[in-house]
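Down below is the structure, laid out as C-alpha cells.
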Amino acid sequence: SHKNSVAKAVQKSGMVFMDRHIVVSEENAMSKAFDPKTSAFLGNLGYDTSDEQVWRFFADNGITDVRRVRLVRDRLTGRNKGIGYVEFSSPNSCNTAINLRG
C-alpha cells in the first residue's frame with residue numbers, strides 16, 4: 001500500500017547513498033518544521049559550505065544522530081546564504097552541538 005511504501009522510505013532517511021546523506025520525510029507541515037528542542041541554528045557559514053560538510057562536521061565531533069540539515073539558499077542562484085539549521089534525534093546531541101560553537 002501507499003502508506004507502507006511511504007513508511008519504508010522515511011525509515012531510509014539519514015542513510016548514506018553515493019557518499020551523501022539522504023533525507024526522506026512525508027510532505028506535511030510537521031515534517032518541514034524543525035523542533036526547537038532538538039535543532040540548532042547555524043550562522044556565519046562559508047558560502048561554499050555543503051549540507052554534507054555539516055553532517056560530517058558533527059560526525060567528526062562525535063555527534064552521529066543528525067536527522068537532517070537545511071542550508072538556506074538563494075532562490076535564484078541556489079547559493080548557500082551562510083545560514084542554516086541542523087536537527088538531531090535527541091536534545092542532548094543538540095546541547096552538545098551548541099557547545100561546539102567557536
Side-chain angles (χ1 to χ4, degrees):
S1 80
H2 176 71
K3 281 193 171 200
N4 287 340
S5 297
V6 170
K8 286 180 183 179
V10 170
Q11 289 176 345
K12 304 287 185 191
S13 190
M15 291 181 57
V16 177
F17 177 74
M18 297 180 68
D19 295 324
R20 297 182 74 107
H21 286 85
I22 60 170
V23 176
V24 181
S25 63
E26 294 185 51
E27 186 65 25
N28 60 45
M30 290 303 291
S31 68
K32 289 182 180 181
F34 279 69
D35 183 346
K37 294 177 186 172
T38 56
S39 301
F41 172 79
L42 305 173
N44 203 28
L45 299 172
Y47 295 119
D48 59 345
T49 302
S50 71
D51 294 16
E52 194 59 32
Q53 287 173 309
V54 174
W55 282 84
R56 288 184 184 153
F57 171 81
F58 289 111
D60 290 348
N61 283 280
I63 305 171
T64 59
D65 68 334
V66 172
R67 292 183 64 191
R68 60 187 169 156
V69 173
R70 179 178 171 261
L71 299 181
V72 178
R73 300 191 180 280
D74 182 274
R75 287 183 183 174
L76 297 176
T77 66
R79 243 187 108 164
N80 171 3
K81 290 186 170 186
I83 61 173
Y85 301 89
V86 61
E87 183 176 31
F88 304 93
S89 294
S90 77
N92 288 338
S93 293
C94 186
N95 291 332
T96 301
I98 289 169
N99 289 327
L100 290 174
R101 69 179 156 206

Nearest 0.5 angstrom please: [X] [atom1] to [Y] [atom2], how far?
X: F34; Y: R67; atom1: CZ; atom2: CZ; result: 9.5 Å
X: S39; Y: R70; atom1: OG; atom2: CZ; result: 11.5 Å
X: L45; Y: Q53; atom1: CG; atom2: CD; result: 9.5 Å
X: N92; Y: T38; atom1: CG; atom2: OG1; result: 11.5 Å
X: L42; Y: L71; atom1: CG; atom2: CG; result: 7.0 Å
X: W55; Y: D60; atom1: CH2; atom2: CG; result: 13.5 Å

For R79 and Y47, work out which heavy atoms get closest and say how close.
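For R79 and Y47, the tightest heavy-atom pair comes out as NH2-CB, 3.2 Å.
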
What are the two closest heavy atoms between D51 and V69, and how far apart are they?
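Heavy-atom minimum between the residues: OD2-O, 3.7 Å.
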
Does G46 offer a backbone N or O that forms a donor-acceptor pair with the side chain of N80 under 3.5 Å?
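Side chain of N80 to backbone of G46: a pair is present.
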
Apply side-chain contact (heavy atoms from CB on, under 4.5 Å) to Y85 and V72, showing your working.
CA-CA 8 Å; Y85 301 89; V72 178; 4.3 Å; yes

Mark yes when over 12 heavy atoms from residues, nucleotides or ligands other than N44 sit less than 6.0 Å from its CG; otherwise mark no.
no

Non-neighbouring partners of D65 that pass side chain to side chain contact (heavy atoms under 4.5 Å, CB included), sequence neighbours left out
I63, F88, S89, S90, S93

